Colleague: 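Can you keep this structure in mind? I'll have questions shortly.
Per chain, numbering begins at 1; letters A, B, ... match sequence-line order. Since we're looking at a predicted model, the values are computed, not measured.
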Amino acid sequence: MAYWLIKSEPDVYGIEAMRQENIGIWDGVRNYQARNFLKSMKSGDLVFFYHSNTKPPGIAGLVQVVETMVVDPSQFEVDGEYYDPKSTPEYPRWHTVKVQFLEALPELLELNTLREQFEPEELLLVKRGSRLSVIPIADNVAQRLFKLGGFKHSA
DNA sequence: GCCAACGTTGGC
DNA sequence: GCCAACGTTGGC
C-alpha cells in the first residue's frame with residue numbers, strides 16, 4: 001500500500017464536502033505529472049487531504065482510494081472548465097481515481113508545522129514553489145504525519 | 001495584491 | 001527543438 005497527498009481548495013471542495021459525499025471522483029486534474037501519479041494509485045492507498053489557497057493551509061483529513069483508472073468525465077464536458085478537445089471516449093487523455101472519506105482532523109495540521117518537521121527532500125509539499133497537486137508520500141513520512149496529526153487511522 | 005516557480009504555448 | 005511570452009498556482 002502506498003501513501004499520497006492531494007491538494008484541494010476548501011472553498012471549492014474541502015474535507016467536509018468530502019465527508020458529505022462519502023465517495024468522490026477526483027476530477028479536473030490537468031497536469032501530466034499529477035495525472036501520472038493518479039494513474040499509479042492502487043485501491044486501498046491512503047491519501048492525505050490538503051487544503052490549499054486558504055488561511056492557514058494544511059492537511060485536513062484522510063481519504064482512501066476505492067477505484068482506479070477512472071476516466072475523468074469532465075474532459076468531455078464541452079462547456080465545462082476542464083473540457084479537453086483532444087480527448088475522445090476511445091482515447092481519453094485524463095484518468096483519475098475515486099476516493100472515500102475516512103476522517104477529518106479536529107485540528108488542521110498546518111503547513112508551517114510541516115515545514116518545521118520535514119525537509120523538502122522528505123516531503124515535496126514543503127518545498128518552496130511546489131505546485132504539484134498530487135504528491136507521493138514515503139512510508140516513514142506517512143507514519144510521522146499520522147502521529148503529528150493525531151489521526152485515528154494509521155497503518 | 002505580490003510574486004516566485006513552473007507548466008504550456010507557439011513562433012521560428 | 002529552442003526559448004520567449006504568457007498563464008496559473010498558491011504561499012505570504
Side-chain angles (χ1 to χ4, degrees), chain A residues 2-21 24-41 45-65 68-99 101-138 140-142 144-151:
Chain A
Y3 303 95
W4 308 89
L5 180 144
I6 50 180
K7 293 183 190 174
S8 186
E9 301 189 11
D11 292 346
V12 179
Y13 193 84
I15 192 71
E16 288 308 318
M18 184 75 240
R19 187 209 295 275
Q20 283 183 11
E21 264 195 2
I25 182 168
W26 207 256
D27 62 355
V29 169
R30 292 294 178 270
N31 168 286
Y32 286 103
Q33 204 181 345
R35 180 203 65 177
N36 291 342
F37 285 136
L38 287 172
K39 286 172 91 168
S40 62
M41 287 185 184
D45 283 0
L46 293 177
V47 183
F48 295 97
F49 194 110
Y50 179 85
H51 281 176
S52 68
N53 208 6
T54 186
K55 273 187 181 176
I59 293 174
L62 190 70
V63 299
Q64 184 165 36
V65 177
T68 61
M69 287 298 283
V70 179
V71 174
D72 183 340
S74 66
Q75 65 195 304
F76 305 122
E77 292 164 7
V78 177
D79 295 326
E81 191 180 347
Y82 302 115
Y83 178 60
D84 185 342
K86 292 178 186 160
S87 277
T88 65
E90 293 76 25
Y91 299 100
R93 304 172 85 202
W94 304 101
H95 290 80
T96 184
V97 296
K98 285 184 181 175
V99 291
F101 175 84
L102 288 185
E103 68 173 296
L105 289 181
E107 270 187 73
L108 197 72
L109 181 48
E110 293 184 18
L111 177 60
N112 56 21
T113 305
L114 298 176
R115 286 199 198 282
E116 288 167 10
Q117 297 289 329
F118 296 96
E119 297 301 319
E121 296 76 35
E122 300 178 293
L123 183 60
L124 198 64
L125 181 75
V126 305
K127 193 177 166 193
R128 181 175 167 66
S130 171
R131 303 190 333 191
L132 196 59
S133 60
V134 182
I135 297 170
I137 303 287
N140 67 313
V141 173
R144 288 164 64 194
L145 286 173
F146 282 132
K147 211 170 195 178
L148 265 176
F151 284 90

Colleague: In whole angstroms, how far is the P atom of dT8(C) from the CG atom of Asn31(A)?
Modeller: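 Value for this atom pair: 14 Å.
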
Colleague: Before accepting this row, confirm whether a basic side-chain N of the pair Arg19(A)/Glu103(A) lies closer than 4.0 Å to the acidic partner's carboxylate O.
Modeller: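 Glu103(A) and Arg19(A): not salt-bridged.
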
Colleague: For the pair made of CD1 in Ile135(A) and P in dC6(B), what is the distance, rounded to whole Å?
Modeller: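 Result: 12 Å.
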
Colleague: For dC3(B), does OP1 or OP2 lie under 4.0 Å from any side-chain N or O of Arg131(A)?
Modeller: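 No, no such contact exists.
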
Colleague: In whole Å, I'd like the distance from the CG atom of Leu132(A) to the P atom of dT9(C).
Modeller: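 Computing the Leu132(A):CG to dT9(C):P distance gives 13 Å.
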
Colleague: Classify the angle between the aromatic ring planes of Phe49(A) and Tyr13(A) as parallel (below 30°), tilted (30 to 60°) or perpendicular (above 60°).
Modeller: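 Judged by the thresholds at 30° and 60°, the geometry between Phe49(A) and Tyr13(A) is tilted.
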
Colleague: Is there a donor-acceptor contact under 3.5 Å linking the side chains of Ser74(A) and Arg30(A)?
Modeller: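 Looking only at side-chain atoms, Arg30(A) and Ser74(A) do form a donor-acceptor pair, the distance falling under 3.5 Å.
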
Colleague: Should Tyr50(A) be listed as having a side-chain N or O under 4.0 Å from OP1 or OP2 of dG11(C)?
Modeller: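 Checking dG11(C) against Tyr50(A), a side-chain N or O does come within under 4.0 Å of OP1 or OP2.
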
Colleague: How many Å lie between CG on Leu125(A) and P on dG11(C), as a whole number?
Modeller: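 To the nearest whole Å, that distance equals 8 Å.
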
Colleague: Nearest to the Glu9(A) side chain among dC12(C), dA4(B), dG10(C), which nucleotide is it?
Modeller: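 From the listed options, dG10(C) comes nearest.
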
Colleague: Round to a whole Å and report the spacing from CZ of Arg115(A) to P of dG11(C).
Modeller: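 Whole-Å distance recorded here is 8 Å.
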
Colleague: Counting only side-chain N and O atoms of Lys55(A), is one of them less than 4.0 Å from OP1 or OP2 of dC12(C)?
Modeller: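 Indeed not, no polar side-chain atom of Lys55(A) lies that close.
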
Colleague: Can you measure Arg93(A) atom CZ to dT8(B) atom P for me and round it to whole angstrom units?
Modeller: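 Distance check: Arg93(A) CZ to dT8(B) P gives 10 Å.
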
Colleague: Once the angle between the rings of Phe151(A) and Phe146(A) is folded into 0 to 90°, is it parallel (under 30°), tilted (30 to 60°) or perpendicular (over 60°)?
Modeller: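 Ring orientation, 0 to 90° scale: perpendicular.
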
Colleague: When the distance from CG of Asn112(A) to P of dG10(C) is rounded to whole Å, what number comes out?
Modeller: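 Answer to the nearest Å: 18 Å.
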
Colleague: Starting at CG of Asp11(A) and ending at P of dT9(C), how long is that distance when rounded to a whole Å?
Modeller: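 Going from Asp11(A) (CG) to dT9(C) (P), I get 14 Å.
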
Colleague: Gln33(A) side chain: which of dA5(B), dT8(B), dG7(B) is closest?
Modeller: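 The closest nucleotide is dG7(B).
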
